[in-house]
Protein chains: 2
Amino acid sequence: MISTRGRYALRVMIDLAQNENGKYIPLKDIAERQDISKKYLEIIVKDMVAGGLLTGASGKGGGYKLCRKPEDYPVGEILELMEGSLSSVACLAAKDNSCPRKNACRTLPMWEEYDRLVHDFFYSKTLRDLL
Amino acid sequence: MISTRGRYALRVMIDLAQNENGKYIPLKDIAERQDISKKYLEIIVKDMVAGGLLTGASGKGGGYKLCRKPEDYPVGEILELMEGSLSSVACLAAKDNSCPRKNACRTLPMWEEYDRLVHDFFYSKTLRDLL
DNA sequence: CTACCAACCTACTGTGTCAATAGGTTTTTA
DNA sequence: TAAAAACCTATTGACACAGTAGGTTGGTAG
């Protein structure tokens, strides 16, 4: 299940795209328009900057701004960054690939097929498609 | 992310199908073969009986048994029963359909499309496909 | 008829994540 | 130099997950 981190991140991106004016947009405005706690958004937006989705500027006149064109943001990239992983099961989300049952597991192929489906779905959509 | 409830349920079903012999199969055997805590499986299997996936029999010679042919168990039904819902977001999982932003929401169509994809994927597979 | 086996039932617990909240510090510009 | 904004650290309450523990009921084999 997609959490508020992923969903709010998407809403922030959409809000930034819709209110784009060349300048930085303060989080206060976004929080008010989207009716989300500004304090909570700070945490989320910080990770978005760290993940290369946005650029931020401190000080008066500061705020946040998209750093690519909307069509260059795959939805999958945004969700993967915020949710950690889009994998359906723990043994595929883990980097170490270490499930001891992996060779005998009768369900693993299904999870792998499912993960590909999910990945392809979200990477075939971009921020532009949501506007 | 699919939890142990859904994954263990699937493994129990597969185990029952593979070891089918006309008789009831005690949970103890399943737990040993699958290397899962019997106590924890009790909770899971109880819900599977309540959900109409299995029949259980008490007393000596008792245990559990599939009550349909493997091809008549859609994987989606099993997962939906155990996970509560396969919906990607809270506003679609909720029965009351009450998100106040629903008309203006720019992401809802994507979640709906995604939910259909997931549903179709898991309902197109049956227990038979996992054997 | 009774001992055993197995399902069934209720309650509890430790761990971790989610969704925030609170309060401060630094940075920038008007 | 004062305001505005991002940035940083810490804390919290609620809840779900993944079990554990111990007892009760029910059916069957000897």
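Throughout, protein chains are lettered first and strands after them, A, B, ... in sequence-line order, and every chain is numbered starting at 1.
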Same cluster or not: A/F121 versus A/Y123, using hydrophobic residues (I, L, V, M, F, W, Y) connected whenever any side-chain heavy atoms lie under 4.5 Å apart?
no

Would you give me the side-chain donor-acceptor pairs under 3.5 Å for residues 38-62 of chain B, sequence neighbours excluded?
{"residue": "B/Y40", "atom": "OH", "partner": "B/T4", "partner atom": "OG1", "Å": "3.0"}
{"residue": "B/D47", "atom": "OD2", "partner": "B/R5", "partner atom": "NH1", "Å": "3.2"}
{"residue": "B/D47", "atom": "OD2", "partner": "B/R5", "partner atom": "NH2", "Å": "3.1"}

Whole-Å distance, A/L41 CG to C/dA22 P, equals 16 Å

Contacts of B/L27 and A/S37 projected onto DNA chain C by closest heavy atom; the upstream (5') one is B/L27

Can you tell me how far C1' of D/dA16 sits from CE of B/M82, to the nearest Å?
15 Å

Nucleotide nearest A/K60 when distance is taken to its side chain, options C/dA30, D/dA5, D/dA18
C/dA30

Rounded to whole angstroms, how far apart are NZ on A/K65 and P on D/dA6?
14 Å

Taking OP1 and OP2 of D/dA16, is either one under 4.0 Å from a side-chain nitrogen or oxygen of B/S3?
no

Compare side-chain N and O positions of A/T4 against OP1 and OP2 of C/dA19 and report whether any pair is under 4.0 Å apart.
yes

Indicate, with a heavy-atom threshold strictly under 4.0 Å, whether B/G59 touches base, sugar-phosphate, or nothing.
base

Between D/dT28, D/dC7, C/dA7, which one does the side chain of B/S58 approach most closely?
C/dA7

Specify the residues of residues 19-26 of chain A, ordered by number, for which at least one heavy atom lies under 4.0 angstrom from an atom of DNA chain C.
none

d(CG, B/D29; P, C/dA6) in whole Å
7 Å

With a 4.5 Å heavy-atom cut-off, do B/Y64 and B/V12 have their side chains touching?
no

Please map the stems of DNA chain C, keeping only stretches of three or more Watson-Crick or G-U wobble pairs with both distances under 3.5 angstrom.
C:1-30 with D:1-30

Rounded to whole angstroms, how far apart are CD1 on B/I36 and C1' on D/dG19?
12 Å

With a 3.5 Å distance limit and no angle check, can you tell me whether A/K125 reaches the backbone of A/G76 through a side-chain donor-acceptor pair?
no

Choose from C/dA20, D/dG19, C/dC9 the nucleotide whose nearest atom is closest to any side-chain atom of B/E42.
C/dC9

Taking atom CG of B/D35 as the centre, report whether more than 12 heavy atoms of other residues, nucleotides or ligands fall under 6.0 Å from it.
no

Whole-Å distance, A/K39 NZ to C/dT25 P, equals 12 Å

Heavy-atom side-chain proximity of B/R101 to A/R11 below 4.5 angstrom
yes

Looking at B/Y8, I'd like to know whether one of its side-chain N or O atoms comes within less than 4.0 Å of OP1 or OP2 on D/dA18.
no

Nearest-Å distance for atom pair CD1/P, residues A/I30 and D/dA6
8 Å

Please determine if B/R116 and B/E112 form a salt bridge, counting it only when a charged side-chain N lies under 4.0 Å from a carboxylate O.
no

Under 4.0 Å between any heavy atoms, over every strand shown, what does B/I43 touch: base, sugar-phosphate, or nothing? Just pick one.
base

4.5 Å side-chain heavy-atom contact, A/D72 and A/T126
no

Please state how far atom CZ in A/R7 lies from atom C1' in C/dA19, giving the value in whole angstrom units.
11 Å

With hydrophobic residues grouped by side-chain heavy-atom distances under 4.5 Å, do A/M82 and A/F122 end up in a single group?
yes

Between A/K46 and A/G62, which is nearer to the 5' end of DNA chain D once each is assigned its nearest nucleotide?
A/G62

Going only through I, L, V, M, F, W and Y residues with side-chain contacts under 4.5 Å, is there a path from B/L92 to A/M1?
no

